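Fair warning: this is a prediction, and the values are worked out from it, not measured in the lab.
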Amino acid sequence: MDLSSINPLILLASLMVASTPILLAAIGELVVEKSGVLNLGVEGMMIVGAVTGFIAAVNLDSPTLGFIAAALGGALLSLLFGFLTQVLLSNQVATGLALTLFGLGIAALMGQNYVGIRAPATSDVPLGPLADIPVLGPVLFQHDAMIYISIGIVAAVWYVLTRTRAGLILRAVGESHDAAHALGYKVVRIRLMAIAFGGACAGLGGAYLSLVRVPQWTEGMTAGAGWIALAIVVFASWKPWRALLGAYLFGGITVLQLNLQAAGLKIPVEYLSMSPYLITILVLVIMSRDRTRAALNAPAALGKPFHASS
Amino acid sequence: MITLERRPEPSRMWQALTPVLAVVLTMIAGGLLFALLGKDPFEAIRTIFWDPLFNPQFASYSRPQLLVKAAPLILIAIGLSLGFRAGIWNIGAEGQYIVGAICGAAVGLAFYPTEAIYIFPLMVLAGAIGGTLWAMIPAVLKIRFGTNEILVSLMLVYVAEQLLASMALGALRNPDGGGFPGSRNLQQYPSAANPELIAGTGAHWGVVAAFIAVIAAYVLLNKHLLGYQIKLTGQAPRAARFAGVRPNVLIALCLGISGGLAGLAGLFEVSGPAGQISIDFNSFYGFTAIIVAFLGRLHPIGILLAGLLMALTYIGGELAQFMLGIPSAAIQAFQGMLLFFLLGVDVLSNFRIRIKPKQVA
């Protein structure tokens, strides 16, 4: 094994790239769960975002249009979930699973003629002198725009949720839909908007995988990233900045194990590849150990169906 | 304006009719999908649902396949349905299926090349135990720490897939295989093989186990206290606690049973139709079984029928791929669509749809 072949600077720089897909999906799901809806279809929306983004970017030769298409694709798919759970009042857990299964199938179908093509390259944001700072430059300031946009989305979600009236209403709907309904808020409409936002974010996350991280389309390429995003929401106790922390920690582990694989560590590759999933389980255990605190943080109406009786 | 009015209790008529309605709607939507792909929708639907059973050219091959494919689906779905009824969501059956297959195959391969009658029963036992133990991980974490079993059981699927790869390339690799990944073929090792019991039917021991599981689940749910407790917990958790149901025992039992059955399904598959542990030995049965469980309305007899129907879409899908060039991914989307329609039309059994003139507030 040759640990000296791991360059800590490159490691840190690729950490942000590896974390961004999960971060985008997690911050979207966080908003959805804050509105009291549990959407387990993140994986499905991510992979559909990955494929629509890839197709649009290749055909229109523009990563930007690809990301827009991915957000639209993810939102569209999530509204299917929204219609079923909010209007037809189906079981949220089952419908979320259906969304994932359907998404995996439809994405494979859409992408079958796009296997093996390279995505058009995304360019780094020219940050001028900032990029030339030693150490900090390559780590923080030599990235594509989506990384900065994802951090911007986290900041915006934090601001809206905690500092605005709209965020207060969203949280009220998630804590007690009956009380919010009695106050005259349109529970179903607000939840549908949150679901669409979550879908768009998951779509962006998927597109980041297929357009920047890999950058190719392969079947099943999300490989559980959507589920990890769900776990990160729990890890974050439904707080936006903690979701950022969780996603970056997780991305760090992923990048580290990939580098250890490349460096030829004596542990078989398969066991290193398991590590992100095992660590996710470990994190979930730690976060749920203190039951009263876990229950305090979770939105009170999470996963409960709402039916206005009058 | 259309409004929904909750029924005092779910309509029995609609509960029986909605799966059929969902299948019909899926056929229509699937036909549209195939038409978009530039295929004749009627021919595609006929190839998937009719030809495997009744076309003289294919039926002799396809009919036995029906049982081969349905058995693991039914076996897994029966286990899942118990937990789903009680609100315990094991969605990692795919992982339990893989681990069951690995454990069972490992026991069989450990005896190679001894021939003895007790080897196959031991493998069956090992498969069931492997699947159960894998499912006990989310169960114990949920009981002890309150960890969400959905996420843990799912994460363990990815862990199991890596374990499978490591076994196929390492510990269980065929030493006479010339370095190719994959274990010895168990079908060429009579004591460990799971053969076709009646020639031409496709029935192997897994099919027998699936039928036993259906009957056992039916008896459990209708005649046994545990079945009553499962149903009660799903419908009224608070009432269940007052009635003396211990939720932790129920979690362990539901996850344990579903894991054990998934492990059995994996063992019967690896020793029978698949024959060997290989990198891509798992075939999504663990996830498709979720659709089967819901399509069967979480009822044992319903699951039996749903499993057969879902097996038909697998076989018909392969046929459509071969005959019409419909990609296999389309079949997967088709199966996902079925679950969507099923959950959607379920509204009819829980609600009445009323059309009222819009009221002035």
Side-chain angles (χ1 to χ4, degrees), chain A residues 38 40 43-44 80-81 83-85 87-91 93-112 219 223-224 227-228 230-231 234 268-281 284-291 294-295 307-310, chain B residues 3-6 33 37 84 87 89 91 137-138 141-142 144-148 150-152 154-167 169-170 284 287-288 290-291 293-294 326-348 350-351:
Chain A
L38 180 65
L40 291 180
E43 178 89 0
L80 204 59
F81 169 88
F83 177 71
L84 281 168
T85 56
V87 180
L88 298 183
L89 299 160
S90 65
N91 179 309
V93 173
T95 313
L97 286 174
L99 193 66
T100 291
L101 294 175
F102 177 70
L104 288 171
I106 203 86
L109 184 62
M110 287 164 75
Q112 55 180 337
E219 221 175 275
W227 296 100
I228 288 165
L230 277 159
V234 179
V269 175
E270 292 84 18
Y271 291 94
L272 282 173
S273 308
M274 275 179 204
S275 59
Y277 306 108
L278 290 175
I279 286 167
T280 307
I281 293 176
L284 280 172
V285 169
I286 293 169
M287 291 315 291
S288 49
R289 203 187 42 195
D290 189 352
R291 279 183 203 214
H307 177 231
S309 44
S310 57
Chain B
T3 54
L4 297 176
E5 187 182 297
R6 189 180 286 277
L33 177 74
L37 290 169
F84 289 178
W89 299 92
I91 55 170
I137 300 172
L141 293 179
K142 186 176 176 69
R144 184 76 184 74
F145 302 110
T147 314
N148 182 321
I150 299 176
L151 293 174
V152 175
L154 199 102
M155 287 293 140
L156 287 173
V157 173
Y158 295 99
V159 176
E161 279 177 355
Q162 296 296 333
L163 193 68
L164 178 69
S166 124
M167 288 297 153
L169 297 168
F284 226 63
F287 291 113
T288 314
I290 297 172
I291 305 179
F294 280 109
I326 290 175
S328 62
I331 304 303
Q332 208 188 334
F334 190 74
Q335 292 173 341
M337 229 189 275
L338 179 57
L339 185 50
F340 263 137
F341 278 116
L342 191 70
L343 294 165
V345 293
D346 222 17
V347 72
L348 294 171
N350 293 320
F351 292 89

Trace of the side chain to side chain contact (heavy atoms under 4.5 Å, CB included) decision for A:E43 with B:L154: CA-CA 12 Å; A:E43 178 89 0; B:L154 199 102; over 6 Å; no
Evaluation steps, side chain to side chain contact (heavy atoms under 4.5 Å, CB included), between A:L109 and B:L33: CA-CA 10 Å; A:L109 184 62; B:L33 177 74; 3.9 Å; yes
B:N148 and A:L284: CA distance, side-chain angles, deciding distance, side chain to side chain contact (heavy atoms under 4.5 Å, CB included) verdict: CA-CA 8 Å; B:N148 182 321; A:L284 280 172; 5.5 Å; no
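In this structure, B:Q332 and A:L101 approach most closely via the heavy-atom pair NE2-O, 4.4 Å. Residues A:L88 and B:G344 approach most closely at CD1-O, 3.6 Å, considering heavy atoms. Across all non-hydrogen atoms, the minimal contact from B:Q162 to A:M274 is CB-CG, 3.6 Å. A:A94 and B:L339 get closest at one heavy-atom pair: O-CD2, 4.5 Å. In terms of heavy atoms, B:L151 sits closest to A:W227 at CD2-O, 3.8 Å.
Heavy atoms closer than 4.5 Å to chain B are found nowhere in A:F83, neither backbone nor side chain. For a residue to count as touching a neighbouring chain, one of its non-hydrogen atoms must lie under 4.5 Å from one of that chain's; by this rule A:L99 touches chain B with backbone and side chain alike. Interface remark: A:T95 contributes backbone and side-chain atoms alike to the contact with chain B (heavy atom separation under 4.5 Å). Of the atoms belonging to A:L230, heavy atoms from both backbone and side chain fall under 4.5 Å from chain B. Contacts between B:I331 and chain A at a heavy-atom distance below 4.5 Å are absent for every atom of the residue. Within the 4.5 angstrom heavy-atom criterion, no atom of B:L342 approaches chain A.
Counting heavy-atom pairs closer than 4.5 Å to chain A, the top residue among B:L156, B:L338, B:I150 is B:I150. Note: A:L97 leads A:T100, A:V234, A:L97, A:T85 in heavy-atom pairs under 4.5 Å with chain B. In terms of heavy-atom pairs under 4.5 Å with chain A, the best-connected choice from B:L163, B:L164, B:L343 is B:L343. The most heavy-atom pairs under 4.5 Å with chain A, out of B:F284, B:F287, B:F351, come from B:F351. Most heavy-atom pairs under 4.5 Å with chain A: of the set B:G336, B:P327, B:A333, this distinction falls to B:A333. Each of A:V93, A:V87, A:L80 has some count of heavy-atom pairs under 4.5 Å with chain B, and the biggest count is that of A:V93.
Only one option out of B:F334, B:F340, B:F341 pairs with A:F102 in a ring-ring contact (aromatic ring centres under 6.0 Å, His included); it is B:F340.
Distance check, rounded to the nearest 0.5 Å: CE of B:M155 to CD1 of A:I279 gives 12.0 Å.
Between the side chain of B:Y158 and the backbone N or O of A:G224, at least one donor-acceptor pair lies under 3.5 Å.
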